[in-house]
Protein chains: 2
Amino acid sequence: MNKEIASTLFESLASGVRLDVFRLLVKNAPTGLVAGEIATELTLPPTNLSFHLKAMTHAGLVNVTQEGRYQRYRANLTVMQSLIDYLTAECCTGHPELCLDAGEASACCDSD
Amino acid sequence: MNKEIASTLFESLASGVRLDVFRLLVKNAPTGLVAGEIATELTLPPTNLSFHLKAMTHAGLVNVTQEGRYQRYRANLTVMQSLIDYLTAECCTGHPELCLDAGEASACCDSD
DNA sequence: AGCATAATTATGCAAATTTCTAATGACAGG
DNA sequence: CCTGTCATTAGAAATTTGCATAATTATGCT
């Protein structure tokens with residue numbers, strides 16, 4: 001995890017639509033959902049959803065696998081965990097005493 | 001922390017400039033920096049920096065206090081910690097076994 | 001009061017993002 | 001092989017964001 005990747009992930013999560021998609025996929029982990037199910041659940045035009053799913057896939061926030069003519073999307077929880085670790089490290093850099101209960105932040109040393 | 005606030009915070013962190021500002025303020029916590037120092041350090045036009053600082057302040061990512069004619073900005077580490085907790089909770093909602101070592105995620109129950 | 005400095009606000013414009021409509025590609029089933 | 005469904009892609013329109021110039025507010029100092 002570095003600044004550029006983190007920035008890309010933040011961009012992915014900055015949109016209300018994409019945050020909704022991600023949360024929905026987390027809720028449906030580890031099975032995931034096919035694109036049509038996501039569109040139905042969030043009442044989004046398929047073309048619009050595709051646009052956002054593409055961005056999220058590119059960012060690594062979700063994974064996609066083909067199932068016949070369906071595309072199944074799953075939240076990438078590993079990447080999310082890396083982002084959390086990065087944030088924790090950034091938040092504590094040189095100031096572990098300032099963070100509330102982030103005592104387990106083992107990655108507090110390698111910033112940037 | 002809820003979805004709207006989280007989304008606003010992600011927007012704040014999605015810009016490379018704003019992420020730089022935040023990281024610089026974390027590095028200089030808890031003293032903080034006055035606007036001019038930030039502008040010098042990141043070689044940003046003051047008017048441009050003001051634009052971003054305003055957004056970050058509005059999002060609650062940084063705090064500002066007046067010192068004479070200077071404005072001192074500080075990273076709001078409490079908010080950042082809340083965001084980390086929110087992410088951890090979202091990431092684990094109903095699926096604690098899926099997250100790597102987020103065992104301390106005490107806020108795993110109150111989503112949205 | 002008058003002037004210099006720090007910072008923000010206002011305005012206009014370029015660039016990026018998001019959304020919509022239409023069209024295309026991919027697959028399953030009769 | 002033809003048709004219907006799922007999903008993406010292409011391109012244009014609308015919206016939002018970011019930045020530069022200029023003007024304004026606020027403060028300190030003499």
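What you see is a predicted model; the values in this text were computed from it and never measured. Convention: sequence-line order gives letters A, B, ...; per-chain numbering from 1.
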Is there a donor-acceptor pair under 3.5 Å between the side chain of B/Arg18 and the backbone N or O of B/Ser12?
yes

Given 3.5 Å as the limit, does a donor-acceptor pair link the side chain of A/Arg72 with the main chain of A/Gly32, or not?
yes

Would you find a donor on one side and an acceptor on the other, under 3.5 Å apart, between the side chain of A/Glu41 and the backbone of A/Ile38?
no

Donor-acceptor pair, side chain of A/Thr57 and main chain of A/Asn63, under 3.5 angstrom
no

Spacing of A/His58 atom NE2 relative to C/dT17 atom P, expressed in whole Å:
11 Å

Looking for any heavy atom pair under 4.0 Å, which part of the strands does B/Arg72 touch: base, sugar-phosphate only, or nothing?
nothing

Note: for A/Gly68 and B/Tyr73 on DNA chain C, the residue whose nearest nucleotide lies more 5' is B/Tyr73

When B/Arg74 is tested against each of B/Thr65, B/Thr31, B/Asn28 for side chain to side chain donor-acceptor pair (under 3.5 Å), which residue passes?
B/Thr65

Are A/Gln71 and C/dC27 close enough that a side-chain N or O sits under 4.0 Å from OP1 or OP2?
no

Given axes from five pairs at either end, by how many degrees does the helix from C/dA1-D/dT30 to C/dG30-D/dC1 bend, rounded to 10°?
20°

So, the side chain of B/Thr8 versus the backbone of B/Glu4: is there a donor-acceptor pair under 3.5 Å, distance only?
yes

Nearest-Å distance for atom pair CG/P, residues A/Leu49 and C/dC20:
12 Å

Integer-rounded Å distance: C/dT21 C1' and A/Leu44 CG:
17 Å

Donor-acceptor check, side chain of B/Ser15 to backbone of B/Glu11, threshold 3.5 angstrom: yes or no?
no

Between P of C/dA16 and CD of A/Glu11, the distance in whole Å
12 Å

Here the distance between atom C1' of C/dA28 and atom CD of A/Gln66, to the nearest Å, is 12 Å

If I take atom CG in residue A/Leu42 and atom P in nucleotide C/dT19, what distance separates them, rounded to the nearest angstrom?
12 Å

If only atom types and distance count, is the side chain of A/Glu67 paired as donor or acceptor with the main-chain N or O of A/Arg69 below 3.5 Å?
no

Which is the 5'-most and which the 3'-most nucleotide of DNA chain D that has an atom under 4.0 Å from a heavy atom of chain B?
D/dG18 to D/dG28

A/Phe51 CZ to C/dT18 C1', in whole Å, measures 5 Å

Phosphate oxygens OP1/OP2 of C/dT19: is one of them under 4.0 Å from a side-chain N or O of A/His52?
yes

The test is side-chain contact (heavy atoms from CB on, under 4.5 Å); show your working for B/Asp20 and B/Val17 and say whether it passes.
CA-CA 5 Å; B/Asp20 283 340; B/Val17 172; 5.6 Å; no

